[in-house]
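Below is one structure, written out as structure tokens; comments come after it.
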Number of protein chains: 2
Amino acid sequence: MRYPNHTKEPSDHLQVFEQACKSAGLKITHQRTEVFKELAKADDHPSAEIIYSRLKKKLPTLSIDTVYRTLSTLEKQGLISKVQTVESQARYEFNNEHHHHLICDNCHEIIDFDWQAFDDYPLPKELSNWGHIKEKKAILHGLCHKCSEKKG
Amino acid sequence: MRYPNHTKEPSDHLQVFEQACKSAGLKITHQRTEVFKELAKADDHPSAEIIYSRLKKKLPTLSIDTVYRTLSTLEKQGLISKVQTVESQARYEFNNEHHHHLICDNCHEIIDFDWQAFDDYPLPKELSNWGHIKEKKAILHGLCHKCSEKKG
DNA sequence: TTTCGTGCAAAAGTTTTGCAGTCTA
DNA sequence: TAGACTGCAAAACTTTTGCACGAAA
């Protein structure tokens, strides 16, 4: 779901997809296109298994491996993104105080920080009818100094 | 890691832990205490496997199952939290535009929304030396109307 | 003593990989 | 046709569960 609703046409998405495949040297295969289209039209942030089950009727020979591989490929190209996960293993922290996260996309180090101004900031009014919001957190992603240097 | 640094003493954490166990009817076992202490003193958001490996020297008979079970129990009590994960399966989305996420902790529905005011807001200055921040995202958690009603 | 927790082992669930045949460019 | 992609099968990795013994209250 999305507030406000999408404005772009599906055909625009396909063009972006084909363009991105070409410039990355990726072949435009039937399976790849269908996985992409299924995700582009979905508004519920589906998992690999869900995409697989939705496509199974249309593409009975499709395998789950291909879905995993395709999602991983498209993510590397920046065409799609994984929601809210850092790595395969779950990571924990002791809940002492409310705080925010800054994550290095290369070494996956997580920095906690405070941001009072954000905590005090009012939420967008479209969200007022959604339900009860319990937590409000900022997640920043980037490349830390150590990793920038390593990469030259 | 954390900006700014922690202020509380480890002994305070232990008291909170013991209090929470008592009021939840959980026994204060050796393993449970050690897993908790290990996480409370860690500043790197470790996974279950990492906590296990750190404790193995001190508690050679500890099993990984116990670490998983303990983390899960403590999370249910609200003493600790999982970082950045929604569910066990990764979930994807098509990257059309920058946006933020509102997640129902019960049904796991994810709502995308725009928040221009947040996007324009300056970052805390402590972060200016960290490296290169590429993305800045708000993640809200709560209970949606549908789920509030279901639960009464 | 009673109940809960742990360790062991096995299973379940998620994702990745090697390989040989197939398809795209 | 060459190289990339797919499907199959198997493996790897992460997490959960049943059970019997051991430990906490």
Side-chain angles (χ1 to χ4, degrees), chain A residues 14 17-39 45-53 55-56 58-77 79-92 108, chain B residues 14 17-39 45-53 55-56 58-77 79-92 108:
Chain A
L14 254 187
F17 165 74
E18 297 189 350
Q19 192 53 54
C21 284
K22 272 176 201 160
S23 58
L26 295 171
K27 290 185 173 163
I28 297 171
T29 67
H30 191 194
Q31 293 92 328
R32 209 168 254 172
T33 308
E34 291 299 326
V35 168
F36 175 81
K37 275 167 57 186
E38 194 62 39
L39 185 60
H45 309 75
S47 65
E49 288 287 349
I50 289 175
I51 292 172
Y52 174 68
S53 66
L55 285 173
K56 205 58 183 154
K58 202 195 273 185
L59 302 176
T61 67
L62 180 69
S63 76
I64 183 70
D65 331 47
T66 299
V67 177
Y68 274 109
R69 258 188 286 230
T70 302
L71 291 172
S72 163
T73 304
L74 298 181
E75 198 201 359
K76 276 182 198 124
Q77 298 306 319
L79 273 169
I80 65 171
S81 26
K82 256 192 185 171
V83 178
Q84 286 269 111
T85 49
V86 182
E87 286 170 284
S88 50
Q89 289 186 330
R91 291 173 63 175
Y92 289 85
H108 305 123
Chain B
L14 254 186
F17 165 73
E18 296 190 350
Q19 193 52 55
C21 284
K22 273 178 200 159
S23 59
L26 295 172
K27 289 181 177 165
I28 298 172
T29 66
H30 191 194
Q31 293 93 328
R32 212 167 252 171
T33 308
E34 291 299 325
V35 167
F36 175 81
K37 275 167 57 188
E38 193 62 40
L39 185 60
H45 309 76
S47 66
E49 288 285 350
I50 288 174
I51 292 172
Y52 174 68
S53 66
L55 285 173
K56 205 57 184 154
K58 201 195 275 185
L59 302 176
T61 67
L62 179 70
S63 77
I64 183 70
D65 332 48
T66 298
V67 177
Y68 275 109
R69 260 188 285 228
T70 303
L71 291 172
S72 164
T73 304
L74 299 181
E75 198 200 0
K76 277 182 197 123
Q77 298 306 321
L79 274 170
I80 64 170
S81 24
K82 254 192 187 172
V83 177
Q84 286 265 113
T85 50
V86 181
E87 288 169 285
S88 51
Q89 289 186 331
R91 291 174 63 175
Y92 289 85
H108 304 122

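Owing to the predicted nature of the structure, the values given are computational and were not obtained by experimental measurement. Letters A, B, ... mirror the listed sequences (proteins, then strands); counts begin at 1.
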Exactly one of A:V67, A:L59, A:I51 clears side chain to side chain contact (heavy atoms under 4.5 Å, CB included) with A:E38, and that residue is A:I51
In B/S/- notation (B base, S sugar-phosphate only, - none; protein heavy atoms under 4.0 Å), nucleotides 19-25 of chain C written 5' to 3' is -----BS
DNA chain C: 5'-proximal contact among B:G25 and B:V67 (nearest heavy atom): B:G25
Looking at NZ of A:K76 and CG of A:L26, how far apart are the two atoms once the value is rounded to the nearest 0.5 Å? 10.5 Å
If I take atom CD in residue A:Q31 and atom P in nucleotide D:dA4, what distance separates them, rounded to the nearest angstrom? 17 Å
Protein-nucleotide distance (B:Y68, atom OH; C:dA12, atom C1'), rounded to Å: 13 Å
Let me know the distance between CD1 of B:I64 and P of D:dT14, rounded to the nearest Å. 10 Å
Neighbour count above 12 (heavy atom, 6.0 Å) for A:K56 NZ: yes
How bent is the helix from C:dT1-D:dA25 to C:dA25-D:dT1, measuring the angle between the end axes built from five pairs each, rounded to 10°? 40°
Tell me the interatomic distance from A:E75, atom CD, to C:dT15, atom P, rounded to whole angstroms. 12 Å
Quick check: do A:S53 and A:E49 have side-chain heavy atoms less than 4.5 Å from each other? no
Starting at atom CZ of A:R32, determine the distance to atom C1' of D:dC5, rounded to an integer number of angstrom. 6 Å
Please state how far atom CD in B:Q77 lies from atom C1' in C:dC4, giving the value in whole angstrom units. 14 Å
Does C:dG7 have OP1 or OP2 under 4.0 Å away from a side-chain N or O of B:S63? yes
Partners passing side chain to side chain donor-acceptor pair (under 3.5 Å) against B:T73 (at least two apart in sequence or in another chain): none
Which side-chain N or O atoms in residues 29-36 of chain B pair as donor and acceptor under 3.5 Å with protein atoms at least two apart or in another chain?
{"unit_1": "B:T29", "atom_1": "OG1", "unit_2": "B:R32", "atom_2": "N", "d": "3.2"}
{"unit_1": "B:R32", "atom_1": "NH1", "unit_2": "B:K27", "atom_2": "O", "d": "2.9"}
{"unit_1": "B:T33", "atom_1": "OG1", "unit_2": "B:T29", "atom_2": "O", "d": "2.7"}
{"unit_1": "B:E34", "atom_1": "OE1", "unit_2": "B:K58", "atom_2": "NZ", "d": "3.1"}

The side chain to side chain donor-acceptor pair (under 3.5 Å) partners of A:K22 (sequence neighbours excluded) come to none
Integer-rounded Å distance: C:dG5 C1' and B:L62 CG: 12 Å
Pairing residues for A:A20 by the side-chain contact (heavy atoms from CB on, under 4.5 Å) criterion, not counting sequence neighbours: A:L79
Of all the choices, D:dC8, C:dT6, D:dG7, which nucleotide is nearest to the side chain of B:T66 once you look at every atom? C:dT6
Does A:L71 reach the side chain of A:L39, with side-chain heavy atoms less than 4.5 Å apart? yes
In whole Å, I'd like the distance from the CZ atom of B:F36 to the P atom of C:dT6. 15 Å
